[in-house]
2 protein chains.
Amino acid sequence: MDTIFHALSDETRRQMLHDLADGERSVTELAAPHDMSLAAASKHIKVLEKAGLIRREIRWRTHICHLEAAPLKRAHDELAFYERFWTSRLDVLERLLAEEDAQQRKDKDNPNPSHGDDR
Amino acid sequence: MDTIFHALSDETRRQMLHDLADGERSVTELAAPHDMSLAAASKHIKVLEKAGLIRREIRWRTHICHLEAAPLKRAHDELAFYERFWTSRLDVLERLLAEEDAQQRKDKDNPNPSHGDDR
DNA sequence: TCATCAGTCAACAATTTGGTTAAATGAAAT
DNA sequence: ATTTCATTTAACCAAATTGTTGACTGATGA
């Protein structure tokens with residue numbers, strides 16, 4: 001997860017992913033829109049590759065990159081956990097309940113042995 | 001976006017966010033599960049704050065942190081762009097079409113009519 | 001044989017990150 | 001006035017990140 005989110009934390013790399021959503025691209029093609037050396041772009045691509053966000057297919061001289069969506073889904077799923085905090089007004093209520101619950105948790109400094117809710 | 005994804009790229013910080021989903025937490029409470037100094041945890045919290053992922057309410061000595069979901073939604077939406085690459089079998093077709101399109105785009109560039117799918 | 005071309009690798013530098021310890025802050029309680 | 005407590009700040013350090021330039025690779029094709 002660290003590497004996935006890290007890979008996504010750079011505009012250059014996000015742009016490259018976006019480009020790859022339109023189809024395969026060579027390293028040079030991916031690098032073209034960015035104002036940096038090819039070597040620098042190559043490093044970015046390697047970061048994406050190590051995060052599993054792209055797959056590389058070497059055809060003769062050119063390295064063809066493909067989007068690999070599975071890790072994106074994992075990241076997306078991870079964020080979905082927080083969906084209730086931004087979606088409907090119903091969930092605002094839900095959120096308030098959670099906060100109230102936390103308040104109760106805090107109010108009792110002495111643990112009550114007669115209750116265990118999880119697991 | 002950079003700062004949001006960067007904030008998410010650290011397990012300690014993701015854990016803190018997760019804890020905050022259960023309700024408000026003080027800095028000390030957020031730091032407790034993590035094997036590091038309070039000062040280090042404080043830095044992590046500041047990273048989250050700068051990314052807009054948490055809001056801080058100072059009540060006397062203790063700083064109470066709240067989850068701020070809006071940036072999480074932005075990140076989630078950004079990733080949703082790639083949804084078609086992992087969802088339904090219908091979208092697998094869509095993806096194939098995109099790749100085929102890219103192939104055509106390439107054939108125009110490189111007028112070599114025989115592209116054998118070798119290996 | 002030799003230049004070419006796509007891309008990587010190596011070495012270097014500046015900046016950021018993530019951690020440490022020790023000192024500072026600032027209002028409340030004593 | 002002094003202590004206390006939650007937290008921040010400062011100074012420092014090692015490692016990672018992001019960029020540069022220049023040399024290397026390895027199959028092609030003139």
Sorted by first residue and then second, give each side-chain hydrogen bond (donor to acceptor under 3.5 Å, both in side chains) pair with at least one member in residues 45-54 of chain B; sequence neighbours left out. B/E49-B/R56
Within this structure, what is the CZ-to-P distance between B/R59 and C/dA27, rounded to whole angstrom? 18 Å
Can you tell me how far P of D/dT9 sits from NZ of B/K43, to the nearest Å? 11 Å
Would you mind reporting whether A/M16 and A/R25 have side-chain heavy atoms less than 4.5 Å apart? no
Can you check the B/K50 NZ to C/dG18 C1' distance for me, whole Å? 14 Å
With the criterion being N/O to N/O and under 3.5 Å, what pairs connect the protein with nucleotides 28-30 of chain C, and how long is each?
none

Distance from B/D19 atom CG to B/L30 atom CG, nearest 0.5 Å? 6.5 Å
Taking only residues two or more places apart in sequence, or in another chain, which ones meet B/A39 in a side chain to side chain contact (heavy atoms under 4.5 Å, CB included)? B/S37
5'-most contact on DNA chain C (nearest-nucleotide basis), A/I45 vs B/T12, goes to A/I45
Between B/E57 (CD) and D/dA6 (C1'), how many Å, whole number? 15 Å
B/P33 and B/E29: which non-hydrogen atoms are nearest, and at how many Å? CD-O, 3.5 Å
Between B/D2 (CG) and C/dT16 (C1'), how many Å, whole number? 13 Å
Could you pull out all donor-acceptor pairs under 3.5 Å where a side-chain atom in residues 71-79 of chain A meets a protein atom, sequence neighbours excluded?
residue	atom	partner	partner atom	Å
A/K73	NZ	A/D77	OD2	3.2
A/H76	NE2	B/H76	NE2	3.3

Length of the CZ-P vector between A/R13 and D/dT17, whole Å: 9 Å
Rounded to whole angstrom units, what separation is found between the CE atom of A/M16 and the C1' atom of D/dT18? 13 Å
If the condition is ring pair (Phe, Tyr, Trp, His ring centres under 6.0 Å), which residues does A/H18 pass it with, not counting sequence neighbours? B/F81
May I ask you to evaluate whether A/H44 reaches the phosphate of D/dT18, defined as a side-chain N or O under 4.0 Å from OP1 or OP2? no
Under-4.0 Å side-chain N/O to phosphate OP1/OP2 contact, B/K46 with D/dT9: yes
In residues 2-13 of chain A, what donor-acceptor pairs under 3.5 Å come from side-chain atoms, sequence neighbours left out?
residue	atom	partner	partner atom	Å
A/D2	OD1	B/R14	NH1	3.2
A/D2	OD1	B/R14	NH2	2.8
A/S9	OG	A/H6	O	2.7
A/D10	OD1	A/T12	N	2.8
A/D10	OD1	A/T12	OG1	3.4
A/D10	OD1	A/R13	N	3.3
A/E11	OE1	A/R14	NH2	2.8
A/R13	NE	A/A7	O	2.9
A/R13	NH1	A/H44	ND1	3.2
A/R13	NH2	A/H6	O	3.1

Between D/dA6, C/dC9, D/dT18, which nucleotide gets closest to the side-chain atoms of A/H6? D/dT18
Within residues 30-42 of chain A, residues whose heavy atoms come under 4.0 Å of DNA chain C: A/L38, A/A39, A/S42
Nearest 0.5 Å please: distance from the OG1 atom of A/T62 over to the CD atom of A/E24. 9.0 Å
Write down the distance between CZ (A/F5) and C1' (C/dT17), rounded to a whole number of angstrom. 18 Å
